[in-house]
Each structure stands twice: as C-alpha cells, then as structure tokens.
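This report refers to the structure that appears directly beneath it.
Letters A, B, ... mirror the listed sequences (proteins, then strands); counts begin at 1. No hydrogens, no waters, no symmetry mates; every other heavy atom, side chains included, goes into these values.
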Amino acid sequence: MSRYNAAAVEPKWQAAWDAADIYTASKMDASKPSYYALEMFPYPSGKIHMGHVRNYAMGDVIARYKLAQGYRVLHPMGWDAFGMPAENAAMEHGVHPKGWTYENIDAMRAPLKRLGFALDWSREFATCDVAYYKQQQAIFVAFFENGLVYRKKAKVNWDPVDMTVLANEQVIDGKGWRSGAEIETRELDQWFFKITQYADELYYGLDALERWPDKVVTMQKNWIGRSEGLQFKFSFTKPVDSFDGIEVYTTRPDTIYGASFVALAYDHPLIKALTPDNADLQNFAKACEKMGNTAEAIEKAEKLGVDTGLRVQHPLDDSITLPVYAANFVLMGYGTGAVFGCPAHDQRDLDFARKYNLSVTPVVLPTGTKEENFLIENEAYTGPGTLFNSREFNGMDVSQSIGAAIETFENLGLGARQVQYRLRDWGVSRQRYWGAPIPIIYCEDTSCGEGGAVPVPVKDLPVELPADVVFEPDNPGNPLERHPTWKNVNCPNCGKPARRETDTLDTFADSSWYFARFAGGQGDGLPDDKPFDKEQASKWLPVDQYIGGVEHAVLHLLYARFFTRGLRDCGLLDLPSGEPFAGLFTQGMVTHETYKNENGDWVNPDDIADGKQISNGQAITVGAIEKMSKSKKNVVDPNEIIAGYGADVARWFVLSDSPPERDVEWTESGVIGAWRFANKVWDMVAETSDHQNPMSVASGADGDALALRKFAHKVAERVTTGIEGFRFNTSVSAIYELTNAIRKYKTNDAARAEALGILIRMITPFMPHLAEECWSHMGGDGLVSVAAWPVADPDLLREDNVTLPVQVNGKRRSEITVAKNADKQSCEALAMADEKVIASIGDKAVRKVIVVPGRIINIVVS
RNA sequence: GCGGGUGUGGCGGAAUUGGUAGACGCGCCAGAUUUAGGUUCUGGUAUCGAGAGAUGUGGAAGUUCGAGUCUUCUCACCCGUACCA
C-alpha cells in the first residue's frame with residue numbers, strides 16, 4: 001500500500017485553492033445567504049501554539065461547512081498587534097516594537113497558511129497598521145463628539161520605578177510586577193469611555209443572546225452588577241458645616257427599622273472633612289490605604305471603624321438616633337460610599353455591631369419560626385420571611401415589603417428608587433508607546449475646547465507614532481513623553497501653542513471593532529477614508545459565529561458590545577440590537593503532561609526517553625496535565641507536528657476525542673491514531689482504481705449495498721447535527737464508524753463509491769487536503785472544498801424493521817424484531833412468545849405490559 | 001462566602017423528548033502476516049462469577065413499568081468572583 005504523503009499533498013492543494021480564489025468573500029456569489037465566521041484574532045507573539053490550531057480549526061470547520069452548504073462565507077484573519085510585549089522586547093533586546101511586531105506577524109502567517117484554513121486573507125490587517133489606528137482615532141473623535149468620551153481625574157496604580165500606570169492585574173501584593181516597586185496611588189487625568197451609559201442595555205441585551213454560553217452571560221451580568229434599591233438621606237441631629245445629611249443606598253430598605261448605625265468610607269467627603277481635626281480618623285485613613293486589596297487580605301480583614309461622634313436621625317422616626325462611623329468595609333466607589341447597618345440581617349454589619357457593641361434588632365422573622373424562638377447570635381439572617389418590629393411594614397413578606405418601603409420613602413419625599421451598577425467607566429489612557437495615540441491636543445488656552453482639550457480634526461488624522469523613539473531599560477516611562485518634538489503642536493482650534501496627548505489607547509479598544517473593519521471592506525480592499533463601509537458592515541454583522549477562549553468572557557466581549565452600540569449611536573453602523581456577536585463559543589485549552597527531573601526542574605518531553613532525562617540521565621516524574629506553557633516546558637510546537645504528520649492530522653487530532661468546550665490533552669499516541677486514520681482513508685480511496693464519481697447515487701442497490709447506503713446516509717445525518725451543535729467529537733466518531741463500515745464492505749461497486757463520496761465530503765471541513773486528494777483520485781468534479789454538503793436521503797433514514805428490547809421488571813431479557821409500524825398487540829404477543837422471556841417470567845403473574853412502539857417493551861410481573 | 005460547571009471502564013469520551021449504558025478513539029490481551037524498527041489485518045476487552053447470572057454512570061434517598069438523564073439532600077474537583085450595601 002502507498003503511504004499518504006501529506007508533505008507533498010498539502011502544499012499542492014493550498015496552491016490550488018489560492019489559484020481558484022475560493023475563500024475570498026468578495027468573489028463569492030452575492031445572491032447567496034451570508035455567514036460571518038470569526039475566531040478571536042491572535043496576538044503576534046511570534047509563534048503559533050496548539051491553542052491557535054484548535055481555535056482556528058474549529059472556526060474552519062464552521063466556515064467550510066457553511067461554504068459547502070451554499071453560504072457566502074466571510075472568514076477573515078488579522079493581528080491584534082499593539083501591546084506591552086513589543087515594548088518589553090524593545091527594552092530588552094534593543095529592537096523597535098514595529099519591526100519586532102511585523103516580523104512576528106510574518107513568522108506566524110506562514111504556519112497558519114500551512115494549516116490550510118479557508119481564510120479570506122484579502123482583508124488581513126494588523127491593529128498597528130497606520131491605516132487601522134487612523135480609523136480608530138476617527139472613532140475616538142466620533143465618540144468624543146457624541147459624549148461617549150470624557151476626561152477626569154482618577155486613582156491609578158502608579159509604579160514609581162517604571163514610571164507608568166499599571167493595571168490592577170499587574171499589581172502583585174502591592175508591588176509592581178516588573179519593577180517590584182511599592183505601588184503608589186496617584187490621581188491622574190485619564191480618558192474614559194462612557195460604558196456606563198449603556199449599563200442597562202448591556203445588561204438586558206444579554207438575555208437575547210441565545211447562542212452565548214450561560215456561563216459568559218452570567219459573568220457579564222455579575223460584572224455589570226445591576227441592583228435595584230433605595231437612595232435616601234439621613235439628617236444630622238446637629239448641623240454640620242457644608243453637609244446637610246448623609247446619602248445612603250440600600251437594596252434592603254425593608255430592614256430600616258433594624259438600622260443601628262450609619263457607616264461611611266474613610267475617603268467619603270464627610271469623613272475627609274472631619275479627618276484633619278481627628279487623630280483617630282487620620283490613623284484610620286492611613287490603615288485603610290495600606291490595606292491590601294487581594295482576595296486573601298479582604299477575607300482576613302477585621303471589620304474596623306471609628307465613631308465620628310456625629311449622630312443622625314432615623315428617617316421614619318426622628319426620636320431614634322444612630323451613630324455615624326467611618327468603616328473600612330464601606331467602599332467609596334460603590335453607591336454613595338455610605339450605608340446604614342442592619343446587623344440582624346447582614347453578616348458584615350453584624351460583625352461590626354458585635355465589635356462596637358451596637359444594638360441588634362431583628363426585623364425579618366423566618367417563615368414558621370416563633371418570635372420568642374428567634375435569636376440572632378453571631379449569624380445574620382438573610383433569608384426570606386415576614387417583617388416584624390417594623391411598625392407599618394409588620395406582617396409583610398420580604399419580597400413585598402421592599403417595594404412598600406421604597407414607596408413610603410418616595411411618598412414622604414425622603415428618597416427615591418435607584419438602580420446601581422458595579423460597572424465603572426472604562427479608563428483607556430495608557431502611558432505607553434506601542435498603542436494608538438489618543439487624538440487629543442491640549443491648548444494652552446484652557447477656554448479652548450473642553451478645558452483646553454481639543455480633539456484632532458478628522459482631516460488631520462492619523463496622529464502617527466513617531467518612529468524615532470528611544471527605549472531605555474533604565475528609564476522606562478513613556479518614550480512619547482520623552483520625544484523632543486512630537487508633542488509640540490499648535491492648537492487646531494485657535495492656533496495657539498499646544499501639546500499632544502502622549503498617552504495611547506488601551507489595546508482592548510483595538511479589538512473592540514476589528515470585526516467591523518473586516519466586514520466593512522469594499523471591493524478588493526479596506527477603506528482608508530472611514531473605519532468601515534457602513535452598508536457592508538451592517539450587512540455582515542452581527543458575526544454569526546464567534547470562537548475564542550473563555551478568558552475574554554468579560555473584558556473583550558463587553559468592550560466590543562459597548563463599541564458596537566457607540567458606533568451605532570454615532571451613526572456609523574446600522575445594527576439596531578447593538579450586539580456584535582450573535583453566536584459565541586468558548587473553546588477549551590490544549591493541555592499536555594508535565595515532567596520534572598530529580599532537581600525538580602521542568603523537563604521538555606523531547607528530552608525524555610524510557611523515563612529518564614536524555615541530557616543527564618535523571619529519573620523523570622510525571623506531573624499534572626496542564627495548559628501548554630513555556631515555563632512548564634510542556635509545549636508541543638505545531639510546526640513540528642505539521643512537518644512530521646501534516647496539517648490535517650494536527651487539525652483532526654485537536655477536534656477529536658474531547659468536546660470542543662473542554663480541554664483536550666495532547667498525546668503522542670492520539671496523534672498517531674489520527675495519522676493512522678488519515679492513512680486508512682487514503683488506502684480505501686487509493687484502492688478504488690476505476691474512478692467512480694464520488695457524487696454518484698447507487699439508487700438501485702439492495703442487500704448489503706443498500707445497508708451500506710443506509711448507514712452512510714445515517715452517518716451524514718449524525719455528522720451534520722454534530723457540527724451544528726458544536727459537538728465535533730461526535731462528528732468525528734460517526735466518521736470513524738462510516739470508515740469502518742466501508743472497509744468491511746469489500747465490493748467495489750456504486751454503493752461503495754457513494755459512501756466514499758459522502759465520507760470525503762464530510763471530512764473536508766476537518767482534513768481538507770486529504771479530502772481534495774481523495775476527491776481528485778475518485779474523479780470528482782472541481783474542488784471538494786466547494787462541493788455541496790451531503791444531505792441524507794430521508795427514504796434511506798427510514799427503517800422498516802426495528803429491534804425492540806424486551807424487559808422483564810425493567811431488566812433486559814431478550815429482543816424481538818418487528819415491523820416499524822407494528823401495533824402494540826402484535827408486539828406484546830411476539831414478546832410473550834419469546835423463549836427467554838417465558839423463562840424469565842417463570843411462574844410469576846404478569847401484571848402489566850408496557851409497549852412503547854419503536855422503543856421498548858417492558859413486562860411487569862410479581 | 002457567592003455564582004457557574006463537571007463527576008460514566010485503565011484513559012479521552014458516547015448515550016440532546018426518561019426507553020438495550022459504555023458508541024468511537026487510545027491503551028491493553030490473543031492470533032495472523034510481515035519483520036528490524038511511529039507496520040498491517042482478525043478477534044477480544046465495564047466489574048464479579050467456571051456458569052446461569054448478579055452488579056454497575058461520585059454517594060444517599062425519592063418519582064416511575066423503566067432513571068446516566070427528573071426531584072431532594074450530600075461529597076469531590078474545576079472555573080469565575082470577591083467587603084457591591
């Protein structure tokens with residue numbers, strides 16, 4: 001037999017696809033229905049890894065399947081190319097971020113092409129292309145003009161050594177992840193996108209996303225954190241300078257009669273006003289600022305506070321007064337930065353009350369509990385129940401009393417219903433070079449523009465990154481800031497001296513609209529005078545199927561949902577729902593065993609033979625199965641797999657066995673299995689020498705030939721539903737079964753040709769090169785990549801006879817074969833006559849016989 | 001703590017309206033062919049039992065003629081999140 005030679009076959013068909021130009025959306029018949037398949041575009045680190053292979057292989061199955069079904073498919077590829085690693089490389093190796101990035105892109109494009117994905121490369125771009133960030137700046141200006149961008153002072157994590165702002169994720173135990181320096185909190189002018197303007201829409205829009213994983217929807221809902229409650233004001237018992245009360249927010253206004261104190265954040269304006277004259281508050285503020293914000297620190301942190309000496313009146317009974325505390329568990333960033341404490345029904349408040357000997361008055365009685373038996377000790381009761389100790393609310397159920405309490409406050413003019421969000425506006429200023437410059441000019445005349453901030457007129461865009469910047473490892477900071485001339489400009493408004501904003505945009509902005517630019521191509525290219533063609537983009541969007549890692553469940557996917565709404569409201573995009581991705585799939589990771597030697601060092605699998613490390617002979621221990629990562633040395637390089645086994649084998653492997661949403665473990669034996677399968681398919685086709693048309697239909701077949709046809713059509717049905725349901729592993733196993741069936745069927749006749757034709761077309765989305773080679777060998781017309789998807793013939797799916805299991809008391813004892821439409825009586829008669837059934841029943845009495853036509857027969861005896 | 005998810009052979013996993021549990025692949029066992037080297041082919045492979053048979057989907061209970069699937073409780077692991085008022 002002849003071995004399938006992937007190394008020779010794969011480039012041949014890739015060239016054929018290129019020559020026929022079959023994956024370019026603009027070349028496809030515009031009258032066909034359109035389908036937009038997209039995988040999250042890669043960061044050009046320089047190397048593709050197995051995670052990429054799996055991600056793009058999944059998208060490719062969808063794209064090729066839809067192509068075969070007659071859709072006009074857009075399946076583009078590009079590069080998420082701005083970001084820190086390029087600047088780190090610049091500092092460490094003295095290279096320019098731009099050169100480093102474009103070299104990496106070239107290094108990654110080649111293996112992606114070798115994998116044979118059905119990608120439309122005509123729309124390729126990198127987010128660091130001037131043409132791209134020029135349009136991103138235009139979007140920024142449009143957002144600015146539509147009130148979606150503003151500037152404010154904000155607290156940031158400032159690294160005094162690297163001289164930059166760090167994201168929260170980059171602060172580890174209060175120290176900078178790179179410099180190790182103690183991080184300071186600074187107030188800096190920062191640009192913000194007004195994502196909170198869409199908080200409600202972003203929240204409720206999630207409910208319409210039926211083809212999103214529940215998990216992601218839940219995570220986004222939690223992130224947006226919508227809550228409904230009451231905001232009202234406590235009045236002081238004695239006047240306080242320049243404050244006429246304390247605004248608090250609560251979701252439990254029903255527990256107002258259980259209130260025993262009011263607590264404010266240490267940085268609440270009222271506390272700040274009191275602090276200069278109060279040593280206790282000064283110490284307290286220092287302690288609060290020091291307190292870590294790691295999960296562990298918060299867990300352990302004791303509920304602490306300082307009595308301010310101020311007292312407020314109970315809003316519904318001014319004879320009751322409550323003490324006012326500064327407390328470390330109240331956050332200025334949420335609600336009003338002030339709360340009332342109801343210790344009986346909130347654990348945090350209870351801990352605090354016990355510490356400072358404040359009263360605990362229960363006001364919610366759990367259903368079925370007697371008042372005299374209900375005691376709050378060290379556990380607050382947060383469950384449902386009936387109000388008591390609450391005057392006008394007594395006897396109400398918690399669920400109705402919340403609304404009643406809000407109404408009471410509103411009627412008395414004391415407060416109002418209020419919706420709160422956890423979501424904050426998106427700070428986009430980064431003190432970095434390798435990003436899109438924020439297109440703002442600060443005029444020396446602060447009456448110009450908005451406080452001197454003037455957006456760069458669209459005609460003056462792009463604000464291009466200067467090439468001549470210096471990266472000094474000892475002087476990190478922002479090279480744009482250090483550039484001798486770049487920031488010096490004249491105000492576009494009034495011509496007075498001005499300076500450029502030297503901050504660049506958060507790179508999450510880059511990935512928030514790239515899918516629209518892909519979709520908004522015109523003719524052969526992407527427009528240079530606008531972000532995207534409105535008509536084209538509106539036609540393709542939303543993306544029909546988006547695929548990527550679950551690590552983007554919140555930030556990227558939320559920012560993109562914000563951007564499409566902003567683009568819509570700026571009139572740039574016609575997308576009423578505002579939703580960029582109609583279907584989302586989050587795929588699992590590619591994992592691999594890890595290995596350690598006697599020193600406890602990670603060992604590369606290549607360096608292991610017979611349980612010993614080749615380079616030094618040390619014994620190897622097999623560790624946990626983990627995500628492939630350089631640090632754990634458990635990475636398998638896709639290039640080596642492609643070179644050794646071929647792209648098809650790599651693709652087939654990452655899609656078989658594990659369900660797509662779960663992790664798949666890369667194993668050598670699994671790869672060999674995939675490789676053997678590819679060879680089996682090729683052998684079957686290769687021995688078919690008389691070139692029967694793979695599109696043929698063996699309509700006259702009977703006997704074994706008919707059985708094979710029926711089976712092939714059944715498998716076609718299963719493979720199709722597997723792909724539709726994102727269960728590629730089940731499609732793969734169905735394909736295996738068909739392969740086994742064809743191999744057992746020895747006759748080289750029309751039925752076999754038909755079954756092979758179905759098989760080849762079904763493996764096309766998974767192993768397109770092998771499929772083309774087989775198709776060509778069989779004498780199929782044109783390219784199988786554009787051949788029609790096999791549709792099961794309903795006549796062949798229908799079975800005339802069925803085998804029914806016969807149970808006695810729920811245990812399977814025998815089986816009978818009956819006509820599909822046999823009536824209950826005849827089924828029962830046949831079952832009762834079965835020898836094994838008779839033996840099982842013995843001398844027991846038959847109580848009941850259940851016949852489920854086409855399914856099962858169960859005989860109940862006793 | 002809260003939210004979400006997952007638990008099925010030696011392993012990855014099938015079983016999508018409650019109806020033959022273990023498809024398919026890997027591994028393993030036996031045989032055949034070939035033989036130097038990622039062969040190929042045939043058969044077998046949940047567990048206990050010689051056998052008939054019994055048991056079996058993390059555990060316990062329940063609903064049902066019938067439960068991997070539904071209900072309640074419970075255990076383990078994974079992911080997300082964190083003083084959100």
Side-chain angles (χ1 to χ4, degrees), chain A residues 1 3 213-219 221-223 225-227 229-231 248-253 255 263 265 291 293-299 301-303 327-331 333-342 346-349 351-352 420-423 550-551 553-554 588 644-645 653 656-659 661-665 667-677 679-680 683 718 721-722 725 727 729-740 743 803-815 839 847-852 854-861:
Chain A
M1 87 186 198
R3 274 241 167 114
D214 293 344
K215 181 176 157 175
V216 175
V217 169
T218 308
M219 282 166 75
K221 282 196 168 177
N222 290 342
W223 186 266
R226 187 181 193 280
S227 73
L230 170 73
Q231 187 166 322
V248 298
Y249 173 74
T250 180
T251 54
R252 292 294 303 273
T255 64
M291 195 177 75
N293 49 2
T294 62
E296 211 186 348
I298 290 164
E299 185 97 5
E302 204 178 348
K303 306 285 174 273
N328 65 350
F329 62 84
V330 182
L331 306 175
Y334 186 79
T336 61
V339 299
F340 78 79
C342 175
D346 183 296
Q347 190 58 43
R348 217 181 32 193
D349 296 346
D351 294 346
F352 191 78
Q420 279 291 341
Y421 301 95
R422 204 189 84 109
L423 184 71
V550 75
E551 65 273 19
V554 177
Y645 298 95
F653 177 81
S656 35
D657 288 353
S658 288
E661 70 277 11
R662 271 195 234 172
D663 293 350
V664 62
E665 190 198 346
T667 61
E668 188 68 14
S669 57
V671 180
I672 292 168
W675 180 81
R676 277 206 290 254
F677 174 69
N679 277 289
K680 272 185 196 174
D683 288 347
R718 285 166 59 196
T721 53
R727 296 189 312 271
N729 55 322
T730 63
S731 297
V732 164
S733 58
I735 290 171
Y736 272 119
E737 285 183 56
L738 179 56
T739 307
N740 291 342
R743 277 155 55 83
T803 302
L804 298 184
V806 182
Q807 297 182 333
V808 177
N809 279 354
K811 297 218 158 82
R812 183 182 171 280
R813 296 298 175 184
S814 185
E815 58 187 33
R847 298 256 163 219
K848 200 174 177 186
V849 178
I850 290 132
V851 179
V852 184
R855 284 286 189 188
I856 204 164
I857 297 160
N858 191 14
I859 299 161
V860 185
V861 301

5' precedence on RNA chain B between A:Glu668 and A:Asp663 (nearest-nucleotide basis):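 Whichever sits nearer the 5' end wins; that is A:Asp663.
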
Which residue lies more 5' along RNA chain B, comparing A:Thr218 with A:Gly673 via nearest heavy atoms: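 That would be A:Thr218.
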
Side-chain donor-acceptor pair present, A:Ser227, A:Tyr249, cut-off under 3.5 Å: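 Yes, A:Tyr249 and A:Ser227 have a side-chain donor paired with an acceptor closer than 3.5 Å.
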
Using a heavy-atom cut-off of 4.0 Å across all strands, would you classify [X] as base, sugar-phosphate, or nothing?
{"X": "A:Arg813", "value": "sugar-phosphate"}
{"X": "A:Lys811", "value": "sugar-phosphate"}
{"X": "A:Val330", "value": "base"}
{"X": "A:Arg743", "value": "sugar-phosphate"}
{"X": "A:Ser656", "value": "nothing"}

Can you give me the closest heavy-atom contact between [X] and [Y], atom names plus distance?
{"X": "A:Asp663", "Y": "A:Ser658", "result": "O-OG, 3.3 Å"}
{"X": "A:Ile859", "Y": "A:Val806", "result": "CD1-CG1, 3.9 Å"}
{"X": "A:Ala553", "Y": "A:Met219", "result": "CB-CE, 3.7 Å"}
{"X": "A:Tyr736", "Y": "A:Gly673", "result": "OH-O, 4.3 Å"}

Rounded to whole Å, how long is the line connecting atom [atom1] of [X] with atom [atom2] of [N]?
{"X": "A:Asn328", "N": "B:C83", "atom1": "CG", "atom2": "P", "value": "12 Å"}
{"X": "A:Asn809", "N": "B:U64", "atom1": "CG", "atom2": "C1'", "value": "13 Å"}
{"X": "A:Arg662", "N": "B:G12", "atom1": "CZ", "atom2": "P", "value": "10 Å"}
{"X": "A:Asp349", "N": "B:G1", "atom1": "CG", "atom2": "P", "value": "20 Å"}
{"X": "A:Asp214", "N": "B:C79", "atom1": "CG", "atom2": "C1'", "value": "15 Å"}
{"X": "A:Phe352", "N": "B:A85", "atom1": "CZ", "atom2": "C1'", "value": "14 Å"}
{"X": "A:Asn729", "N": "B:C26", "atom1": "CG", "atom2": "C1'", "value": "14 Å"}
{"X": "A:Arg422", "N": "B:U81", "atom1": "CZ", "atom2": "C1'", "value": "8 Å"}

Contact between [X] and [Y] at the side-chain level, heavy atoms closer than 4.5 Å - yes or no?
{"X": "A:Ile857", "Y": "A:Val852", "result": "no"}
{"X": "A:Asp349", "Y": "A:Phe329", "result": "yes"}
{"X": "A:Val248", "Y": "A:Thr250", "result": "no"}
{"X": "A:Phe677", "Y": "A:Ile735", "result": "yes"}
{"X": "A:Asn729", "Y": "A:Arg727", "result": "yes"}
{"X": "A:Tyr334", "Y": "A:Thr336", "result": "no"}

Which nucleotide, [options], lies nearest any side-chain atom of [X]?
{"X": "A:Phe329", "options": "B:G25, B:C83, B:A15", "result": "B:C83"}
{"X": "A:Arg348", "options": "B:G3, B:A85, B:C24", "result": "B:A85"}
{"X": "A:Ser658", "options": "B:A85, B:C24, B:G12", "result": "B:G12"}
{"X": "A:Val339", "options": "B:A85, B:C26, B:C41", "result": "B:A85"}
{"X": "A:Leu331", "options": "B:G25, B:C84, B:A14", "result": "B:C84"}
{"X": "A:Glu737", "options": "B:A23, B:G12, B:G80", "result": "B:A23"}
{"X": "A:Lys303", "options": "B:A14, B:C83, B:G27", "result": "B:C83"}

A:Asn809 (side chain) donor-acceptor with A:Val861 (main chain) under 3.5 angstrom: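 Pair found, side chain donor or acceptor close to backbone of A:Val861.
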
Any donor-acceptor pair under 3.5 Å from A:Asn679 side chain to A:Trp675 backbone: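 Answer holds: yes.
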
Taking the [atom1] atom of each, how far is [N] from [M], in whole Å?
{"N": "B:A54", "M": "B:G3", "atom1": "P", "result": "44 Å"}
{"N": "B:G4", "M": "B:U72", "atom1": "P", "result": "13 Å"}
{"N": "B:U57", "M": "B:A15", "atom1": "C1'", "result": "11 Å"}
{"N": "B:U20", "M": "B:C26", "atom1": "P", "result": "26 Å"}
{"N": "B:A52", "M": "B:C65", "atom1": "C1'", "result": "26 Å"}
{"N": "B:C70", "M": "B:U63", "atom1": "C1'", "result": "8 Å"}
{"N": "B:C84", "M": "B:G19", "atom1": "P", "result": "44 Å"}
{"N": "B:G10", "M": "B:U47", "atom1": "C1'", "result": "13 Å"}

With both distances kept under 3.5 Å, what pairs with [N], Watson-Crick or G-U wobble?
{"N": "B:A36", "answer": "none"}
{"N": "B:A67", "answer": "none"}
{"N": "B:G18", "answer": "none"}
{"N": "B:U55", "answer": "B:A46"}
{"N": "B:U81", "answer": "B:G1"}

Protein N or O to nucleotides 17-21 of chain B N or O, pairs below 3.5 Å:
residue: B:U17; atom: O4; partner: A:Arg855; partner atom: NH2; Å: 2.3
residue: B:U20; atom: O2; partner: A:Arg812; partner atom: NE; Å: 2.9

Between [X] and [N], is there a contact of a side-chain N or O with OP1 or OP2 at under 4.0 Å?
{"X": "A:Arg676", "N": "B:C26", "answer": "yes"}
{"X": "A:Arg727", "N": "B:A14", "answer": "no"}
{"X": "A:Tyr334", "N": "B:A85", "answer": "yes"}
{"X": "A:Lys215", "N": "B:G5", "answer": "no"}
{"X": "A:Asn740", "N": "B:A23", "answer": "no"}

Chi-based syn or anti call at B:G43, which uses purine or pyrimidine torsion atoms and a 90° bound: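 Here the answer is anti: the torsion falls beyond 90° from 0.
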
Sub-3.5 Å pairs of nitrogen or oxygen atoms, protein against nucleotides 45-47 of chain B:
none

